[in-house]
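Working notes, structure below.
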Amino acid sequence: MFDAHLHIFDPRFPLVENEGYLPDPYTIADYRKRMSRFDIDGGAVVSGSFQGTDQSYLLAALAELGEGWVGVTNLHVDATDAEILELSRAGVRAIRFNLKRAGGDIVGLTMLALRAYELAGWHVELYIDGSMLGSLEPVITKLPKLSIDHLGMSDDCLPYLLNLVDRGAKVKASGFGRVAMNVGAALRKIHTVNPEALMFGTDLPGTRAGRPFRDGDISLLADSVGSDLHKVLEDNARAFYGLPAKERGFEAPAPSGEPPTLRLPRSELPAPPHPATLPLPRIDR
């Protein structure tokens, strides 16, 4: 199993208060203990708003976790080419645009993302309130590779999200306790549009979520994607993060004998609601 979305809050490294809140420590040892019943052999450590643009915790975490683990970082818009390449050598594979918990220079971030893609093949991971997806289309269309955190957060964004998925975007099947949506229905729709889109993540420790990851979330995934469960739990994310495919001596059996899901033609996607776009919130510099 590949956990495509988790956070590490190591007390040895600085944290930045966000909206008056600081998380409790959550170390690699805490994560391993929580997930000990699962066969986790890789994952993506994602920088949160509490870590700002500090890279020291992430470099330490990737060094301790070792092979099969990658990083997703918050990066200052003025980061140099040398910094990006150094982080890439350490296992960082993506930049996070955290527009849910932190403001930012969206133009500057976009230019940084394009530069990081050209230098190191990095993609962008977008954490955002789903209602903003439509208004970000001019930015999103400029990004060569994109994933959306936590199913896009709300049912309101689903038509926009499905169009992005049909154009190649990936979606984190994570944070089920922090979204305002019918999770099972959203998983099925996303998976039908593109069976390679969903990537499982625990979102541990689930800071400020309504509830953290539960073991039963895996059952919900299995019920939603059927015989493609191995894709969602591992294969899709490994391919997206540029890691070797996991070798299997057998194919995972279909729970009810159904064939793997086929893509839904784009012409059958639901139309987005009106108005077609929503304004971006003002960000004071």
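In terms of heavy-atom proximity, Gly91 sits nearest to Leu62 at C-CD1, 4.0 Å. Nearest heavy-atom pair, Pro144 versus Leu114, reported as atom, atom and distance to 0.1 Å: CD-CD2, 3.7 Å. Residues Tyr57 and Ser47 come closest through the heavy atom pair OH-OG, 2.9 Å. The shortest non-hydrogen separation linking Leu75 to Leu87 is CD1-CD1, 3.8 Å. Here the closest heavy-atom approach between residue Ala4 and residue Tyr241 is recorded as O-OH, 3.6 Å. Closest approach of Ile128 and Leu136 over heavy atoms only: CD1-CD1, 2.9 Å.
Inter-residue side-chain proximity for Leu112 and Ile84 is flagged as met; some heavy-atom pair is nearer than 4.5 Å. The side-chain heavy atoms of Val124 and Lys145, taken from C-beta on, include no pair separated by under 4.5 Å. Under the 4.5 Å side-chain criterion, counting only non-hydrogen atoms from C-beta, Val92 is not in contact with Val70. In this structure, Phe200 and Asn236 have side chains that are not in contact, with every pair of non-hydrogen atoms separated by 4.5 Å or more. Put simply, the side chain of Ile148 reaches to within 4.5 Å of the side chain of Leu161, judged on heavy atoms. Residues Val139 and Ile106 have side chains in contact (heavy-atom distance under 4.5 Å, counting atoms from C-beta outward). The closest side-chain heavy-atom distance from Leu198 to Val165 is not below 4.5 Å.
Every side-chain hydrogen bond (donor to acceptor under 3.5 Å, both in side chains) that Asp149 has, sequence neighbours left out, goes to Arg96. Considering only residues two or more places apart in sequence or on other chains, Tyr117 meets the ring pair (Phe, Tyr, Trp, His ring centres under 6.0 Å) condition with none of them. Partners of Asn182 by side-chain hydrogen bond (donor to acceptor under 3.5 Å, both in side chains), not counting sequence neighbours: none found. With sequence neighbours left out, the salt bridge (charged side-chain N to carboxylate O under 4.0 Å, His left out) criterion links Lys246 to Asp41, Glu234. Qualifying salt bridge (charged side-chain N to carboxylate O under 4.0 Å, His left out) partners for Arg12, counting only residues two or more places apart in sequence or in other chains: Asp10. Residues meeting the salt bridge (charged side-chain N to carboxylate O under 4.0 Å, His left out) test with Asp217, sequence neighbours left out: Arg211. Every residue two or more places apart in sequence or in another chain was checked for a side-chain hydrogen bond (donor to acceptor under 3.5 Å, both in side chains) with Ser88, and none qualifies. For His150, the side-chain hydrogen bond (donor to acceptor under 3.5 Å, both in side chains) partners are Ser174, not counting sequence neighbours. Contacts of Asp39 classified as side-chain contact (heavy atoms from CB on, under 4.5 Å), with partners at least two apart in sequence or in another chain: none.
Formation of a donor-acceptor pair under 3.5 Å by the Lys170 side chain with backbone atoms of Glu196 is found in this model. Checked by atom type and distance alone, the side chain of Thr202 never pairs as donor or acceptor with a backbone atom of Phe213 at under 3.5 Å. Side-chain atoms of Glu83 come within 3.5 Å of backbone N or O of Thr80 as a donor-acceptor pair. For the pair His5 (side chain) and Asp203 (backbone), a donor-acceptor distance under 3.5 Å is absent.
The CH2 atom of Trp122 lies 14.5 Å from the CG atom of Leu143; values are rounded to the nearest 0.5 Å. To the nearest 0.5 Å, the span separating CE on Met199 from CG on Asp235 amounts to 12.5 Å. Taking CD1 from Ile8 and CG from Leu58, the interatomic distance works out to 10.0 Å, rounded to the nearest 0.5 Å. To the nearest 0.5 Å, the span separating NE2 on His7 from OG on Ser49 amounts to 8.5 Å. The structure places CD1 of Ile95 at 10.0 Å from NE2 of His123, a figure rounded to the nearest 0.5 Å. Between the CG atom in Asp228 and the OG1 atom in Thr192 there is a gap of 9.5 Å [rounded to 0.5 Å].
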Pair Leu233, Ile218 - check side-chain contact (heavy atoms from CB on, under 4.5 Å), show working. CA-CA 9 Å; Leu233 292 181; Ile218 303 296; 4.0 Å; yes
After noting the C-alpha distance and the side-chain angles of Thr207 and Tyr21, does the key distance pass the side chain to side chain donor-acceptor pair (under 3.5 Å) rule? CA-CA 10 Å; Thr207 304; Tyr21 184 87; 5.3 Å; no
Check the pair Lys189, Leu158 against side-chain contact (heavy atoms from CB on, under 4.5 Å), reporting the backbone distance first and the verdict last. CA-CA 9 Å; Lys189 290 177 182 178; Leu158 200 53; 3.6 Å; yes
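Criterion: ILVMFWY side-chain heavy atoms under 4.5 Å apart, direct or through other members. Under it, Leu15 and Val46 are not part of a common hydrophobic cluster. The cluster map of Ile, Leu, Val, Met, Phe, Trp and Tyr, joined by side-chain heavy atoms under 4.5 Å apart, puts Phe176 and Leu229 in the same cluster. Note on Phe38: it clusters hydrophobically with Leu220, by side-chain heavy-atom contacts below 4.5 Å among ILVMFWY residues. Leu151 and Leu146 fall within a single hydrophobic cluster, where Ile, Leu, Val, Met, Phe, Trp and Tyr side chains are chained together by heavy-atom contacts under 4.5 Å. Hydrophobic clustering, with ILVMFWY side chains joined whenever heavy atoms are under 4.5 angstrom apart, groups Val179 together with Leu99.
Residues Ser56 and Asp54 bring a donor and an acceptor atom of their side chains to less than 3.5 Å of each other. Donor-acceptor pairing under 3.5 Å is lacking for the side chains of Asn194 and Arg167.
Aromatic ring pairs are classed by plane angle as parallel below 30°, tilted from 30° to 60° and perpendicular above 60°; the pair Phe50 and Phe9 is perpendicular.
Sorted by first and then second residue, the side-chain hydrogen bond (donor to acceptor under 3.5 Å, both in side chains) pairs involving residues 66-77 (not counting sequence neighbours) are Gln55-Thr73. Under the salt bridge (Lys or Arg N to Asp or Glu O under 4.0 Å) criterion, the residue pairs touching residues 110-136 are Asp81-Arg115, Lys100-Asp129, Glu125-Lys172, with sequence neighbours excluded. Evaluation of the side-chain hydrogen bond (donor to acceptor under 3.5 Å, both in side chains) test over residues 25-36, restricted to residues two or more places apart or in two chains, returns Asp3-Tyr31, Thr27-Asp30, Arg34-Asp215.
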